[in-house]
Amino acid sequence: QQKVQQSPESLSVPEGGMASLNCTSSDRNFQYFWWYRQHSGEGPKALMSIFSDGDKKEGRFTAHLNKASLHVSLHIRDSQPSDSALYFCAASANSAGNKLTFGIGTRVLVRP
Amino acid sequence: GGIITQTPKFLIGQEGQKLTLKCQQNFNHDTMYWYRQDSGKGLRLIYYSITENDLQKGDLSEGYDASREKKSSFSLTVTSAQKNEMAVFLCASSKTGEGDTQYFGPGTRLLVL
């Protein structure tokens with residue numbers, strides 16, 4: 001069983017809309033989370049990390065972490081066609097993040 | 001800023017062949033990683049290294065060797081390529097410290113005939 005599960009598998013949103021992605025860990029040791037984004041033909045690029053309960057906002061991206069349920073979400077406000085990509089949630093048992101476990105990803109398509 | 005360079009970009013091998021992938025970073029990062037990306041399976045850690053000459057196994061190390069020749073370079077060897085294998089191998093690096101994100105290279109695409 002995947003220790004980091006993401007949903008949905010894919011998501012289509014209109015340009016300017018809100019995209020919401022979910023991630024849950026089944027391993028209680030995983031308390032530290034990252035979101036990465038991968039455009040086709042490129043390597044993943046980190047969007048943000050979140051280690052504390054509550055919201056963390058960076059530009060149009062907001063992550064929310066609930067440590068009790070080990071659930072983290074990512075919300076993309078005012079989605080742009082350039083946001084079309086594969087989004088990965090990654091979790092670690094330590095804040096250094098040197099041994100990340102990745103989910104299988106959510107593919108986001110932003111329709112013009 | 002910095003950059004991670006992976007060579008080659010594409011690699012076509014034969015079943016049973018030993019294949020070597022190379023990675024260079026100029027971030028001056030301490031830690032380097034090798035991941036394998038398969039469609040529908042996310043990224044899986046093969047090896048990582050926290051300093052020159054150090055090597056730590058990830059979840060997928062069987063069938064691979066790695067070598068951290070110097071701080072800036074990390075190579076991965078597929079010891080015996082499997083027929084019809086198709087995957088992307090991603091190299092990454094990070095500083096060693098709290099909250100440090102990993103920076104990824106563009107990947108090496110492997111196809112085994």
Side-chain angles (χ1 to χ4, degrees), chain A residues 1-10 21 23-27 29-52 56 58 61 63 65 72 74 85-107, chain B residues 1-7 9-10 21 23-25 27 29-51 54-61 68 74 87-109:
Chain A
Q1 185 199 1
Q2 284 277 132
K3 286 189 175 182
V4 176
Q5 295 174 305
Q6 291 186 244
S7 64
E9 281 185 21
S10 63
L21 291 68
C23 172
T24 303
S25 170
S26 60
D27 188 330
N29 292 313
F30 290 166
Q31 296 275 313
Y32 303 93
F33 294 87
W34 283 257
W35 284 101
Y36 282 79
R37 177 167 80 175
Q38 184 180 32
H39 286 108
S40 184
E42 298 178 7
K45 185 174 177 181
L47 286 173
M48 61 199 303
S49 60
I50 184 165
F51 302 158
S52 304
K56 183 177 182 181
E58 291 192 8
F61 299 88
L65 174 61
V72 61
L74 179 71
L86 187 56
Y87 288 75
F88 290 106
C89 172
S92 176
N94 63 70
S95 59
N98 58 8
K99 200 167 180 187
L100 292 177
T101 297
F102 283 78
I104 64 170
T106 291
R107 188 163 294 283
Chain B
I3 192 166
I4 294 184
T5 305
Q6 291 189 238
T7 54
K9 286 193 168 108
F10 298 96
L21 292 68
C23 176
Q24 297 261 7
Q25 55 98 0
F27 287 99
H29 284 164
D30 296 310
T31 308
M32 294 185 75
Y33 312 80
W34 276 107
Y35 289 91
R36 177 183 166 123
Q37 182 174 19
D38 294 273
S39 179
K41 290 185 180 174
L43 278 67
R44 290 178 290 173
L45 183 64
I46 305 172
Y47 273 101
Y48 69 103
S49 165
I50 60 175
T51 188
D54 173 72
L55 215 51
Q56 309 279 341
K57 289 185 178 182
D59 296 327
L60 204 67
S61 60
R68 184 84 181 270
F74 195 27
V88 177
F89 290 85
L90 292 160
C91 176
S93 71
S94 69
K95 290 191 289 185
T96 303
E98 171 137 345
D100 286 321
T101 56
Q102 294 182 21
Y103 293 82
F104 283 82
T108 291
R109 281 146 185 82

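Since this is a predicted model, take the numbers as computed values, not measurements. Sequence lines set the chain letters: A, B, ... in the order given, protein chains first and strands last, and positions in each chain run from 1.
Heavy-atom contacts from other residues, nucleotides or ligands closer than 6.0 Å to NZ of A:Lys3 number 12 or fewer. The environment of B:Leu55 atom CG is dense: over 12 non-hydrogen atoms of other residues, nucleotides or ligands sit within 6.0 angstrom.
Listed options B:Ala92, B:Ser39, B:Pro106 were ranked by heavy-atom pairs under 4.5 angstrom with chain A; first place goes to B:Pro106.
Residue contact with chain B, scored on non-hydrogen atoms closer than 4.5 Å, involves the side chain of A:Gln38 exclusively. Proximity to chain A (any heavy atom under 4.5 Å) is restricted, for B:Arg109, to the side chain, taken from C-beta onward. Contact annotation for B:Gln6: neither backbone nor side-chain heavy atoms come within less than 4.5 Å of a heavy atom of chain A. Both the backbone and the side chain of B:Leu43 come within less than 4.5 Å of a heavy atom of chain A.
Residues that satisfy the ring pair (Phe, Tyr, Trp, His ring centres under 6.0 Å) test with B:Phe104, not counting sequence neighbours, are A:Tyr36, B:Tyr35. In this view, B:Tyr103 and B:Phe27, B:His29 satisfy the ring pair (Phe, Tyr, Trp, His ring centres under 6.0 Å) rule, not counting sequence neighbours.
For the atom pair OG1 of B:Thr101 and CE of A:Met48, the computed distance is 12.0 Å after rounding to the nearest 0.5 Å. Going from atom CG of B:Asp59 over to atom NZ of A:Lys99 covers 5.5 Å, rounded to the nearest 0.5 Å. The distance from atom CD1 of A:Ile104 to atom NZ of B:Lys41, rounded to the nearest 0.5 Å, is 11.0 Å.
For the residue pair B:Leu90 and A:Gly43, the shortest heavy atom distance occurs at CD2-CA, 4.1 Å.
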